[in-house]
Amino acid sequence: MHTPNLSYDDSLMRSENMGARGIRNEKINQINKEYLLQYKNISERLQNKQFDFANLCYDRETLSLCEKTWRSYSSFTKKVIFVGIGGGSQTAKMLYYAFGRTNKKLEVYFVGDYTDPDEFLRLRAEIEGHEECTTVVVLSKSGTTVEVGAGYLYFRDFLQDKLKESWKKHFLFVTAEHEGILVKEAKENGLTHIPTSIVGDRFAPFSSLGLLPAVVMGIDAEKFLAGGALMFDHISKSSQDKNIAWNMAVYQYIYQRMYGINQFVTMLYISRLEEFNIWLREMWGESLGKEKKGLILYPAMGPKDQHSVLQTFNDGHWFSTFLFISQSSYDEEIFVENRGITELNHLDGKKLSHITNASCRNTQLTLKNYNRPSAQLIVSKFDEKTMGELIALFEMVILYLGEYIGLKNVFDQPAVTESRQFIDASMRRPGSEEFQNKLEMTEKSIKQTVITFP
């Protein structure tokens with residue numbers, strides 16, 4: 001009997017189980033009919049390879065380039081620092097936390113999310129005395145983001161001081177193909193760089209932004225790409241009722257339209273997917289929050305968030321629907337043994353997977369009793385192929401939701417730009433004079449009220 005790797009259970013979103021807060025089948029059918037032309041159009045475009053982000057799964061030349069390039073570094077590298085922020089580095093982080101931590105031959109660090117001095121000093125202490133076996137990989141299409149620029153300059157200076165002229169062989173860029181700060185830096189100093197795709201970074205996990213880190217960390221990138229391709233192929237040929245991505249999007253749209261529910265909570269019970277959940281938050285926020293429209297995603301992890309935000313989810317204001325993601329089988333099982341503690345006899349002989357899944361299911365049932373609608377996505381086996389499938393699945397959820405709520409472009413992020421422009425202006429970057437004036441006017445317009453202590 002065939003066991004699907006992913007199964008989606010929407011029982012606790014439906015009216016027969018959730019009463020007035022559930023969705024009737026007739027409503028789903030109505031929306032499916034209303035958006036049938038858009039659905040067919042997206043399916044045809046997928047089949048005809050007209051979506052650049054989906055086409056990345058079929059590109060093996062980039063994977064070969066990444067493998068060939070890394071060979072010259074792998075012989076001496078024992079420590080890797082990935083410098084990047086947002087979509088540029090998030091794939092590397094989610095692959096590391098899902099699979100890379102098992103590579104005992106390599107120590108991996110990430111720079112860019114934080115720019116406070118303590119973080120840089122901590123990382124410097126990790127590599128001090130190990131400069132000869134350290135490689136810095138910069139993941140940035142433009143190289144102009146201040147967090148990336150600061151990280152690169154700091155570690156370039158540090159390695160130049162320690163390694164003199166040989167510092168150059170310890171840097172590798174994944175950046176734009178022909179132009180940009182990092183391309184210029186690579187040409188002037190003879191540094192190696194791998195081109196990334198034209199796809200926006202958050203939609204580019206299957207590009208060199210994901211493939212190079214996968215190769216570095218010894219992750220099966222071929223299986224990763226194959227999983228994404230399998231999901232895109234399946235979705236392109238599926239009817240609406242068999243398409244998990246479409247149905248996830250349908251429910252979120254209906255709940256927003258009918259009840260004004262604008263938040264979606266992903267409650268994950270697979271610890272290796274914690275950074276994947278952060279990628280989801282970025283995808284959701286930057287793709288769908290625009291034009292005074294959209295939905296926000298709150299990433300939660302079980303069981304730990306049962307002991308923090310579940311009180312609000314259950315008993316606070318109803319503001320979200322929920323998606324639980326769990327795993328049904330593991331390559332290895334661990335059994336709990338109880339020797340002599342009477343109060344813990346109920347745990348004796350239980351598998352940790354059983355305890356985890358009991359937490360997941362019973363939290364979902366608790367939400368039901370508080371009239372909070374939820375669905376569950378169950379992963380049969382979690383590996384690189386599954387990761388590829390999940391990424392492709394949620395990329396399509398985003399695309400479908402963009403159609404539902406009528407966005408012009410899910411791929412841009414116009415409201416992020418001004419923040420970057422203001423930061424550049426405050427650093428007096430050449431060409432930012434217009435924004436220096438705007439920044440100064442904004443600061444002057446604020447009537448400050450400050451309370452001090454002590």
Side-chain angles (χ1 to χ4, degrees), residues 31 35 38 42 51-54 84-91 93-94 112-113 141-142 145-147 199-205 209 245-268 273-301 305 309 312-313 316-323 325 372-375 390-423 435 438 442:
I31 299 296
Y35 285 88
Q38 289 95 323
I42 289 173
F51 286 113
D52 291 330
F53 72 91
I85 193 169
S89 64
Q90 190 56 41
T91 302
K93 275 185 278 193
M94 64 179 172
D113 284 349
K141 187 170 292 179
S142 69
T145 310
V146 293
E147 297 84 359
V199 176
D201 289 351
R202 69 182 181 277
F203 275 93
L209 288 173
W246 179 260
N247 281 279
M248 279 188 195
V250 165
Y251 278 112
Q252 288 314 117
Y253 176 60
I254 293 175
Y255 273 103
Q256 186 185 57
R257 195 156 111 170
M258 288 179 62
Y259 298 103
I261 297 299
N262 295 313
Q263 182 162 291
F264 180 52
V265 175
T266 50
M267 192 84 169
L268 273 59
L273 284 177
E274 188 159 8
E275 284 295 327
F276 170 82
N277 218 2
I278 302 304
W279 171 78
L280 272 182
R281 180 179 65 183
E282 180 181 355
M283 284 288 290
W284 219 267
E286 292 190 344
S287 302
L288 298 175
K290 59 192 74 168
E291 302 169 32
K292 311 303 179 189
K293 303 173 184 176
L295 298 148
I296 188 132
L297 183 143
Y298 181 95
M301 295 298 298
D305 282 328
V309 289
T312 295
F313 291 161
H317 179 70
W318 179 38
F319 52 76
S320 60
T321 60
F322 299 82
L323 175 68
I325 302 181
R372 305 298 195 249
S374 67
L390 288 171
I391 288 170
L393 173 69
F394 281 95
E395 286 181 336
M396 292 307 299
V397 173
I398 294 291
L399 191 63
Y400 290 141
L401 270 170
E403 287 290 327
Y404 282 138
I405 61 181
L407 295 178
K408 296 185 185 73
N409 185 0
V410 298
F411 301 107
D412 67 0
Q413 52 186 65
V416 177
T417 305
E418 185 170 73
S419 171
R420 292 178 178 174
Q421 290 165 338
F422 271 15
I423 294 169
F435 297 101
K438 187 175 182 181
T442 303

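The figures that follow rest on heavy atoms only: side chains count, while hydrogens, waters and symmetry mates do not. Numbers for residues simply follow the sequence, beginning at 1.
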Query raised in the report: Quick one: does Leu401's side chain get under 4.5 Å of Trp284's, heavy atoms only?
Result: yes
**Report entry** Ile85 CD1 to Asp113 CG distance, which is reported to the nearest 0.5 Å
**Finding:** 5.5 Å
Query raised in the report: Could you give the distance from CD1 (Ile398) to CG (Leu393), rounded to the nearest 0.5 Å?
Result: 10.5 Å
Query raised in the report: Is any side-chain heavy atom of Asp201 closer than 4.5 Å to a side-chain heavy atom of Lys141?
Result: yes
Query raised in the report: Between Gln256 (side chain) and Gly294 (backbone), is there a donor-acceptor pair under 3.5 Å?
Result: yes
Report task. Calculate, to the nearest 0.5 Å, the distance between atoms OG1 and CD1 belonging to Thr145 and Ile423 respectively. Result -> 9.0 Å
Query raised in the report: Are Leu399 and Phe51 close enough that some pair of their side-chain heavy atoms sits under 4.5 Å apart?
Result: yes
**Report entry** Stepwise side-chain contact (heavy atoms from CB on, under 4.5 Å) test for Thr266 and Leu297
**Finding:** CA-CA 7 Å; Thr266 50; Leu297 183 143; 3.6 Å; yes
Query - Residue pair Leu407 / Ser287: nearest heavy atoms and the distance that separates them - result: CD1-O, 3.4 Å
Query raised in the report: Would you call the rings of Tyr404 and Tyr253 parallel, tilted or perpendicular, where under 30° means parallel and over 60° means perpendicular?
Result: parallel
Report task. First locate atom CH2 of Trp246, then atom CD1 of Ile31, and finally report the distance between them rounded to the nearest 0.5 Å. Result -> 9.0 Å
Query raised in the report: Are Tyr400 and Ile42 close enough that some pair of their side-chain heavy atoms sits under 4.5 Å apart?
Result: yes
Requested in this report: Kindly say whether the aromatic ring centers of Phe313 and Phe322 come within a distance under 6.0 Å.
Outcome: yes
Report summary line: Taking every heavy atom of Ala300 against every heavy atom of Val265, the minimum-distance pair comes out as CB-CG1, 4.2 Å
Query - Residue pair Leu273 / Leu390, side-chain heavy-atom distance below 4.5 Å - result: yes
Requested in this report: Step by step, work out the side-chain contact (heavy atoms from CB on, under 4.5 Å) result for Phe276 and Ile391.
Outcome: CA-CA 8 Å; Phe276 170 82; Ile391 288 170; 3.9 Å; yes
Query raised in the report: Taking the six-membered ring for Trp, are the ring centroids of Phe394 and Trp279 within less than 6.0 Å of each other?
Result: no
Requested in this report: State, with a plain yes or no, whether a side-chain heavy atom of Leu295 is found less than 4.5 Å away from one of Phe264.
Outcome: no
Requested in this report: Supply the atom-to-atom distance Ser374 OG to Leu323 CG, rounded to the nearest 0.5 angstrom.
Outcome: 8.5 Å
Requested in this report: Verify the ring-centre separation between Phe411 and Phe53: is it less than 6.0 angstrom?
Outcome: yes
Query raised in the report: In terms of side-chain geometry, is the basic nitrogen of Arg202 or Glu282 positioned less than 4.0 Å from the acidic oxygen of its partner?
Result: no
Query raised in the report: Considering all heavy atoms of both residues, which atom of Lys290 and which atom of Asn409 are nearest to each other, and what is their separation?
Result: NZ-O, 3.0 Å
Requested in this report: Please assess Met283 against Phe203 for the test side-chain contact (heavy atoms from CB on, under 4.5 Å), listing each intermediate value before the final yes or no.
Outcome: CA-CA 8 Å; Met283 284 288 290; Phe203 275 93; 3.5 Å; yes
Query raised in the report: Which value, rounded to the nearest 0.5 Å, describes the distance between Ser320 atom OG and Ile296 atom CD1?
Result: 11.5 Å
Query raised in the report: Does any non-hydrogen side-chain atom of Glu286 lie less than 4.5 Å from one of Asp412?
Result: no
Query - Closest contact, heavy atoms only, Glu403 versus Gln38 - result: OE1-CG, 3.4 Å
Query raised in the report: Of the non-hydrogen atoms in Gly316 and Arg372, which two are nearest, and what is the gap between them?
Result: O-NH2, 2.6 Å
Requested in this report: Kindly state whether the ring of Phe422 and the ring of Phe435 have centres lying under 6.0 angstrom apart.
Outcome: no
Requested in this report: Would you name the heavy atoms of Lys293 and Ile405 that are closest together and state the gap between them?
Outcome: CD-O, 3.2 Å
Report task. For the residue pair Ile278 and Gln90, establish whether any side-chain heavy-atom pair is separated by less than 4.5 Å. Result -> yes
Report task. For Glu291 and Lys408, indicate whether the former's side chain and the latter's backbone hold a donor-acceptor pair under 3.5 Å. Result -> yes
